Amino acid sequence: RFMSEAIERGSVTSTWWDDVETTTNGTQLLKRMFSGTFFDNPKPIGLLERMLQLGSRSDSLVLDFFSGSATTAHAVMKLNTEDGGNRKFIMVQLPEVCDEKSEAIKAGYTNICEIGKERIRRAGKKIAEEVEESNRQLKLGEEPKEVPDIGFRVLKIDSSNFEDVSEVPQLITQ
């Protein structure tokens, strides 16, 4: 039903998704993080956090096969901080080349993977700083929060060390 119909009936049903951020929030956050617009309508962290709250445990492994700007990784680290979880993430993204006229190229990012990696670094640093700041402002008797694991590794397709391989990365296309 449309909101206008619900208002006419005098009742508006609430859902788990009513207070979730929109892509506008995702765009604004990335703009603040990178001082530019690199993606059209990136997913908001709040949406992914809500999905993780509903569909993961505190020790889950979260896989995003189309990671783009790495919002999922950001949401995993943020939720781990909030609930003390130990979720891990795997982000997969083809090194899609940025448009020559884009703000990303002007900022020095040649492909989407580079933007995602930098977002994970910046998000992790900000989360760690926020935890340390909140620990400096503890009230008497409060336990300090532990700074979550914000480290990550990057793996990429490369040549094999086996002598007999049928394909090499340079010959494979999407």
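This chain uses plain numbering: 1 for the first residue, then up along the sequence. Just so we're clear, the structure is a prediction, and the values are computed from it rather than from any experiment.
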Completion exercise
Tightest non-hydrogen contact, residues Pro42 and Thr27, listed as CD-OG1, 3.2 Å
Fill in the blank from the handout: Applied to residues 44-93, the ring-ring contact (aromatic ring centres under 6.0 Å, His included) test, sequence neighbours excluded, yields none
Practice task
Using the test salt bridge (charged side-chain N to carboxylate O under 4.0 Å, His left out), find all partners of Lys78 that sit at least two apart in sequence or belong to another chain.
Solution key: Glu49, Glu82
Practice task
Quick one: list whatever passes side chain to side chain donor-acceptor pair (under 3.5 Å) with Thr22, sequence neighbours left out.
Solution key: Asn25
Practice task
Identify, with sequence neighbours excluded, every residue that meets side chain to side chain donor-acceptor pair (under 3.5 Å) alongside Thr72.
Solution key: Asp64
Donor-acceptor contacts under 3.5 Å from residues 92-99 side chains, at least two apart:
{"from": "Gln93", "atom 1": "OE1", "to": "Ser67", "atom 2": "N", "distance (Å)": "3.4"}
{"from": "Gln93", "atom 1": "OE1", "to": "Gly68", "atom 2": "N", "distance (Å)": "2.7"}
{"from": "Asp99", "atom 1": "OD1", "to": "Lys101", "atom 2": "N", "distance (Å)": "2.7"}

Completion exercise
With sequence neighbours left out, the residues meeting side chain to side chain donor-acceptor pair (under 3.5 Å) with Glu130 are Lys126
Exercise for the section: Sequence neighbours left out, what passes salt bridge (charged side-chain N to carboxylate O under 4.0 Å, His left out) with Asp83? Give chain and number order. Expected result: Arg87
Practice task
Check side chain to side chain donor-acceptor pair (under 3.5 Å) between Gln137 and all other residues, then give those that pass, not counting sequence neighbours.
Solution key: Glu133
Practice task
Using side chain to side chain contact (heavy atoms under 4.5 Å, CB included) as the criterion, list what pairs up with Glu142, not counting sequence neighbours.
Solution key: Leu138, Lys139
Completion exercise
Residues passing the side chain to side chain contact (heavy atoms under 4.5 Å, CB included) test with Thr110, sequence neighbours excluded, are Glu114
Practice task
Apply ring-ring contact (aromatic ring centres under 6.0 Å, His included) to Phe34 and list each qualifying residue two or more places apart in sequence or on a separate chain.
Solution key: Phe38, Tyr109
Problem - With Asp19 via salt bridge (charged side-chain N to carboxylate O under 4.0 Å, His left out) - residues at least two apart - result: Arg50
